[in-house]
Amino acid sequence: MQARRFYTLSGSCPDQIGIIARISGFIAEHGGWILESGYHADGSGDDDGRYFMRMEVKAESLPFHLAEFRERFRPLAGELSMDWKISDSAVKRRVVIMVSRQEHCLYDLLSRWQAKELDVEIPCVISNHDAFKALVEWHGIPFHHVPVSPDNRQAAFNEISRIYDEVKGDTMVLARYMQILPPELCDRYPGQMINIHHSFLPSFVGARPYHQAHRRGVKLIGATCHYVTTELDQGPIIEQDVIRIDHSDSVEDMVRYGKDIEKAVLARGLRYHLEDRVLVHANKTVIFR
């Protein structure tokens with residue numbers, strides 16, 4: 001049985017009276033069937049308030065296709081000063097995975113993809129090491145080894161950008177890719193790059209953060225999934241989670257727990273992104289779970 005096809009309309013605009021009525025009225029006028037909707041007003045409704053919304057509309061209920069839906073909605077969006085987009089559930093997103101030497105997030109994403117829990121296309125995996133070439137190619141996915149060194153950084157990231165464009169990537173997932181992306185690459189793909197890291201920043205930076213945290217007696221381990229921006233690890237947050245530990249847990253235990261929670265948080269964050277459940281304005285995120 002095929003899943004129902006729907007269009008997702010999401011966006012944000014200055015808060016004002018009648019937003020829901022005008023948008024739902026527009027859909028109703030064309031016979032549209034709203035399957036799911038979510039709304040959030042951020043602020044007190046004054047000039048600084050922002051309104052966020054997400055709607056799923058049954059595709060077959062509308063008398064036109066996606067392109068015409070966009071064109072018909074554009075004038076109303078302009079009147080509301082709305083930042084918006086409309087996507088089609090029938091079009092699979094193309095997710096490019098980037099990885100270095102830590103394999104846990106890569107394994108998890110490939111497993112979810114193979115089980116069709118992650119319903120996307122993975123046109124390739126890019127790595128600055130070749131350790132996972134056989135694994136990736138065993139899954140029938142092209143693997144690109146792009147080494148990065150102080151002497152070739154610009155050329156390497158130019159090559160990554162070229163590959164991403166060539167395979168028509170929609171989303172770039174840094175599945176423990178341990179290189180700092182150059183600002184020009186971040187600016188080129190805003191809202192398309194997702195990263196995962198442990199929750200110890202900014203207190204325990206650099207190498208061996210779990211060892212530092214263990215020495216300080218940290219009692220919580222967590223992970224943060226966020227969009228990549230030119231500010232290192234400061235992009236809009238998509239998803240976070242924590243687990244509690246105690247004095248009986250060793251550094252090795254903490255590392256293992258950390259990998260588990262990073263996998264789960266990255267998978268959830270990626271799903272929210274792919275389903276257009278993440279709305280961002282002024283570096284603040286609203287998530288419609």
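Heavy atoms only: backbone and side chains are in, while hydrogens, waters and symmetry mates are out. This structure is a prediction, so every number in the text was calculated from the model and none was measured.
- Checked against salt bridge (charged side-chain N to carboxylate O under 4.0 Å, His left out), E36 has the following partners two or more places apart in sequence or in another chain: R54, R277.
- Taking 4.5 Å as the limit, every side-chain heavy atom of H211 sits out of range of all side-chain heavy atoms of H214.
- In this structure, the ring of Y39 has its center no less than 6.0 angstrom from the ring center of F52.
- Remark: R74 CZ is packed, more than 12 non-hydrogen atoms of other residues, nucleotides or ligands lying under 6.0 Å away.
- Taking both residues in full, the closest heavy atoms of V265 and E239 are given as CG1-O, 3.5 Å, listed atom of the first, atom of the second, then distance.
- Other residues, nucleotides and ligands contribute over 12 non-hydrogen atoms within 6.0 Å of the NE2 atom of H40.
- In this structure the side chain of M98 never reaches within 4.5 angstrom of the side chain of V125, judged on heavy atoms.
- For E60, the CD atom is loosely surrounded, since the number of other residues' heavy atoms within 6.0 Å does not exceed 12.
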Let me have the donor-acceptor pairs involving side chains of residues 169-179, under 3.5 Å, with sequence neighbours excluded, atom names and distances please.
unit_1	atom_1	unit_2	atom_2	d
D170	OD2	R94	N	2.7
T171	OG1	H273	NE2	3.0
Q179	OE1	R153	NH1	3.1

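- At least one side-chain heavy atom of L266 sits under 4.5 Å from a side-chain heavy atom of L109.
- The environment of CG in L220 is crowded: more than 12 heavy-atom neighbours from other residues, nucleotides or ligands sit within 6.0 Å.
- A salt bridge is defined here as a Lys NZ or Arg NE, NH1 or NH2 lying under 4.0 Å from an Asp or Glu carboxylate O, and E184 with R188 fails to meet this definition.
- Within the 4.5 Å cutoff, the side chain of I122 has heavy atoms near those of the L110 side chain.
- Taking the six-membered ring for Trp, F64 and H30 have ring centres closer than 6.0 Å.
- Using a cut-off of 4.0 Å between Lys/Arg side-chain N and Asp/Glu carboxylate O, D260 and K263 are scored as salt-bridged.
- Shown here for D83 and R50, the closest heavy-atom pair between the two residues is OD2-NH2, 3.1 Å.
- Proximity of M82 to I23: side-chain heavy atoms (C-beta onward) are separated by under 4.5 Å at one or more points.
- Side-chain contact check for F143 versus S127: some heavy-atom pair is nearer than 4.5 Å.
- Counting only heavy atoms from C-beta outward, the side chains of M53 and S12 never approach each other to under 4.5 Å.
- Heavy-atom neighbours of R208 CZ from other residues, nucleotides or ligands within 6.0 Å: at or below the threshold of 12.
- With 3.5 Å as the limit, one finds a donor-acceptor pair spanning the side chains of Y257 and D249.
- In terms of heavy-atom proximity, Y7 sits nearest to R5 at OH-NH2, 3.9 Å.
- Between K259 and E262 no salt bridge is recorded (no basic side-chain N to carboxylate O distance below 4.0 Å).
- Among all heavy-atom pairs drawn from L185 and S161, the shortest one is CD1-CB, 3.8 Å.
- In this structure, T229 and C186 approach most closely via the heavy-atom pair O-SG, 3.6 Å.
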